[in-house]
Participant: 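First the structure, then my questions, so here it is.
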There are 2 protein chains.
Amino acid sequence: MDQSDLTKVSARSWQLSERARKLTSSAIREILKVTERPEVISFAGGLPAPSTFPAERMRAASDRILRDAPAAALQYSATEGYLPLREWIAARHSGPGAHGNVRIRPTQVLITTGSQQALDLLGKVLVCPQSPVLVETPTYLGALQSFSLYEPRYVQVPTDDAGLIPSALTPDLTAGARLLYAQPNFQNPTGRRLAVERRRALAAFAQQAPFPVIEDDPYGALDYRGEPLPTMLSMAPDHIVHLGSFSKVLAPGLRVGYIIAPEELHFKLVQAKQATDLHTPSFTQRIVHEVVKDGFLDTHVPTIRALYRDQCAAMLAALARYMPEGVTWNQPEGGMFVWVQVPAAIDTMKLLEEAIAQHVAFVPGAPFFANEAQHNTLRLSFVTVPPEKIDAGIAKLAALVRARI
Amino acid sequence: MDQSDLTKVSARSWQLSERARKLTSSAIREILKVTERPEVISFAGGLPAPSTFPAERMRAASDRILRDAPAAALQYSATEGYLPLREWIAARHSGPGAHGNVRIRPTQVLITTGSQQALDLLGKVLVCPQSPVLVETPTYLGALQSFSLYEPRYVQVPTDDAGLIPSALTPDLTAGARLLYAQPNFQNPTGRRLAVERRRALAAFAQQAPFPVIEDDPYGALDYRGEPLPTMLSMAPDHIVHLGSFSKVLAPGLRVGYIIAPEELHFKLVQAKQATDLHTPSFTQRIVHEVVKDGFLDTHVPTIRALYRDQCAAMLAALARYMPEGVTWNQPEGGMFVWVQVPAAIDTMKLLEEAIAQHVAFVPGAPFFANEAQHNTLRLSFVTVPPEKIDAGIAKLAALVRARI
């Protein structure tokens, strides 16, 4: 067969799965490509500030690991993850809780290739085509992307500035649900923190619900006053599935996250992970453990908090200085995001086109809604933009909004 | 609600997805737990020999990367993977081919979290419930585990000692198939190498087939004479999906593999990976590139080949020395495995129980068959067992077989 024959049949004729035909790229991802240009002031990023990465500590840890335990760090390892790291995580989540002493067992901990994989594994193990999945309004876009591969029917749970409204979880709304997904701390995209009495109500709901409540908590350590609210895991340790990550407190490039779940679900998640990538890299798991095992986070995290708190203050000041009447936003107590509502007549997707032309970027809010979207919303991130640029960027953005009122 | 209430509802009542209810653990995995005991001579492992891991080179590479590019190595990065590594892989697979010069484009390369993730992504993107998936008889257990999450109907393609039989790919057998999965080089579990004329026939088939032919090639570099056969990718670069891995030539603990696919399928795989784990760790991808970029594999791989060739020779000699009439096995030209047939009356699952009691382990062949299993088969790996122990272990195994004839 000669070269000319090779082109006769095109890869186009290959049939894709139903789920693959529905796949779309993240709007954020496409936007980020544009905003990589240096002249753009980008509030679109969800990336932690690289200045907070403890690179020298990781360099020393990598060196020790490959000097002292090269074979173990470079060989295949258990799907559940590196036991000393699982023990550290279990201990970190154990202690005095809302209902007496909380004891999380290492046998409940599964190390994942970032929190994103935790979402994929939960979708794999819990979601069938058309099964209802409860999400906040709005919710984390990455969770929608992961769960959508398993073709659920999304049900939006009402929220307000104090987060998800537990009293809205009526039998009608929750009938047949396979899971409820929530980010109680400084949610992506809204930056909202779920009030403590609502956490209690949601934990109580979890104890009676025939499906798991997922507490996704990548930002919990980043509360600006260093006064974290109790996790729902601590309120109902056998009824909450808790997702954690080292991406925001150490470095995301290592891709190390974890799932804490009751043993029975844990076992199914381990089986699913074995089929998905066998295990998270042995080397990166050991680097994380080597860096955190002696209490490093207790001194490191406050420096991240302080940086983000100041950047957030600069953005809130700029918003107050420049934004016209009819624009509202929340006052984050932690995390990486501010959520802005512009007048209802303004579609922030169109606003973004004008902003990009002015070298300012943000993320339109619409993609964060599972169903009916609020098109007059947007997400701003302040963590990687210096204060003077925050001021200049918000001024430009405010001018564009004013021009459309 | 007091503590006693917390135990009223059990996690047991959570409903799992259809695919999760079908999930089972790998038989190999359960066996490996038993064989971790030092007194056991284990031929059950599929793990590369740790003595072949270039730990000092990786240590130096890690140090350079975290010294020179810490922010990039520790930050989120592109889902497609680290571009210089993708370029290196594309170049590695380009050059003179069976049909003139082969040019693989970096835009065809997706870095995966080990080859296992490549299998999961292909299942996600190509397989629907009940859609036919063509596999060798027997085939790689890990591929069955990955694809099974997407609930295909497996169709076994006949094989002989020269591997898959292309003439068996009749319209009846292949009707409606979403993919054909094959390991042409030193297949796991049989150690067979697909003859070159069969590669040509299968590549020609791929050019006409309405579904992709998957060429999974983790062992290709490990041919004992250092005379690799041409890949099917080189014969039909626009019609073959090629999977590669650094697990067997560098170290599996880094979990770095790749998929080479036509751009259109590549794009769907990238979207699926973004939802699955965002990207493979930036740091481990850079370590692999730093280690391989200057031609290190050209001097390193021959040392692995020589080690495995000698270990294989020791096992073949021991099999010839001890095994009774009626036991047959192949003569691998590379890779990590020997495939053994014992008399039809012997079920190797039962044989394994006796062998474990005698402190010898192997992997029964049955789990490697998608449908009807041959229960009188077993897989032996020789790569991590010193020659004298190979001799002692095979002697014990032969005695057990003889006792059952």
Side-chain angles (χ1 to χ4, degrees), chain A residues 1 3 6 9 11-14 16-18 20 23 25 47 50 53 55 58-59 62-63 66 70-71 73-76 99-100 113-114 116-117 120 124-128 145-146 149 204 207-208 210-212 236 238 251-255 262 264-265 268 271 275-278 281-284, chain B residues 1 3 6 9 11-14 16-18 20 23 25 47 50 53 55 58-59 62-63 66 70-71 73-76 99-100 113-114 116-117 120 124-128 145-146 149 204 207-208 210-212 236 238 251-255 262 264-265 268 271 275-278 281-284:
Chain A
M1 177 169 295
Q3 200 61 31
L6 295 183
V9 173
R12 285 189 177 69
S13 60
W14 292 345
L16 300 178
S17 64
E18 191 62 28
L23 263 176
S25 256
L47 284 59
F53 302 160
M58 292 193 180
R59 192 177 164 200
S62 303
D63 192 66
L66 290 178
L74 297 173
Q75 185 58 283
Y76 286 114
H99 300 283
T113 308
Q116 189 71 33
Q117 186 185 45
D120 177 61
K124 268 196 175 99
V125 164
L126 293 169
V127 179
C128 291
Q145 287 181 281
S146 286
L149 279 166
Q207 288 156 23
Q208 304 305 327
F211 54 83
D238 296 324
L254 296 178
R255 313 299 303 123
E264 187 168 340
L265 180 61
K268 278 292 173 187
Q271 290 180 316
T276 299
D277 68 358
L278 289 183
S282 318
F283 186 35
T284 52
Chain B
M1 177 169 295
Q3 199 62 33
L6 294 184
V9 174
R12 284 189 177 68
S13 61
W14 292 346
L16 300 178
S17 64
E18 191 62 27
L23 264 176
S25 254
L47 284 59
F53 301 160
M58 293 194 181
R59 193 177 162 202
S62 303
D63 193 65
L66 289 179
L74 297 173
Q75 184 58 285
Y76 286 114
H99 301 283
T113 308
Q116 189 71 33
Q117 186 185 45
D120 178 61
K124 268 196 174 100
V125 164
L126 293 169
V127 179
C128 289
Q145 288 181 282
S146 286
L149 279 167
Q207 288 156 22
Q208 304 305 328
F211 54 84
D238 296 325
L254 296 179
R255 313 299 304 124
E264 186 168 340
L265 180 62
K268 277 293 173 187
Q271 289 180 318
T276 300
D277 68 358
L278 289 183
S282 319
F283 186 37
T284 51

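The sequence lines fix the lettering, A, B, ..., with proteins before strands; numbering per chain opens at 1.
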Participant: Between B/Ala20 and A/Lys268, which heavy-atom pair has the shortest distance, and what is it?
Facilitator: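 Closest heavy-atom pair between B/Ala20 and A/Lys268: O-NZ, 2.8 Å.
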
Participant: For a side chain to side chain contact (heavy atoms under 4.5 Å, CB included) check, start with the C-alpha distance between B/Thr276 and A/Thr113, then their side-chain angles and the critical distance, and finish with the verdict.
Facilitator: CA-CA 9 Å; B/Thr276 300; A/Thr113 308; over 6 Å; no

Participant: Return the minimal non-hydrogen interatomic distance between A/Gln145 and B/Ala275, and the atom names on each side.
Facilitator: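 That would be O-CB, 3.7 Å.
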
Participant: Heavy-atom distance under 4.5 Å to chain A: side chain of B/Val125, backbone, both or neither?
Facilitator: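 Backbone plus side chain of B/Val125, per the 4.5 Å heavy-atom cut-off to chain A.
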
Participant: I'd like to check the ring-ring contact (aromatic ring centres under 6.0 Å, His included) partners of A/Phe53; sequence neighbours left out, ordered by chain and number.
Facilitator: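 Here no residue qualifies.
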
Participant: Taking A/Leu74, A/Leu16, A/Val127 one by one, which has the highest count of heavy-atom pairs under 4.5 Å against chain B?
Facilitator: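 Of A/Leu74, A/Leu16, A/Val127, A/Leu74 has the most heavy-atom pairs under 4.5 Å with chain B.
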
Participant: Going by the rule salt bridge (Lys or Arg N to Asp or Glu O under 4.0 Å), which residues pair with A/Asp277 if we only count those two or more places apart in sequence or in a different chain?
Facilitator: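 Testing A/Asp277 for salt bridge (Lys or Arg N to Asp or Glu O under 4.0 Å), a comparison that skips the adjacent residues, returns A/Lys273.
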
Participant: With a 4.5 angstrom heavy-atom cut-off, which part of B/Ala71 approaches chain A: side chain, backbone, both or neither?
Facilitator: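 Both parts, backbone and side chain.
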
Participant: Counting only non-hydrogen atoms closer than 4.5 Å, does A/Leu149 touch chain B with its backbone (N, CA, C, O), its side chain (CB onward), both, or neither?
Facilitator: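 Contact with chain B is through the side chain of A/Leu149 alone.
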
Participant: If you look at every heavy atom in A/Pro262 and B/Trp14, which pair is closest and at what distance?
Facilitator: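 Result for this residue pair: CG-CH2, 3.7 Å.
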
Participant: What is the distance from atom CG of B/Leu66 to atom CE of A/Met58, rounded to the nearest 0.5 Å?
Facilitator: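 Here the interatomic distance stands at 8.5 Å.
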
Participant: What heavy-atom pair brings B/Pro252 and A/Gln75 nearest, and what distance separates the two atoms?
Facilitator: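 Minimum heavy-atom separation between B/Pro252 and A/Gln75: CG-OE1, 3.2 Å.
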
Participant: Heavy-atom distances under 4.5 Å only: say whether A/Ser62 touches chain B with side chain, backbone, both or neither.
Facilitator: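 For A/Ser62, the contact with chain B is made by the side chain alone.
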
Participant: Using a cut-off of under 4.5 Å for heavy-atom pairs, which of A/Pro70, A/Pro212, A/Ser282 has the most such pairs with chain B?
Facilitator: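 Of the options given, most contacts go to A/Pro212.
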
Participant: Select one option (side chain, backbone, both, neither) describing which atoms of A/Thr284 are under 4.5 Å from chain B's heavy atoms.
Facilitator: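 Looking at A/Thr284, just its side chain touches chain B.
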
Participant: With rounding to the nearest 0.5 angstrom, report the CZ to CZ distance, A/Arg255 to B/Arg255.
Facilitator: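 CZ of B/Arg255 is found 15.5 Å from CZ of A/Arg255.
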
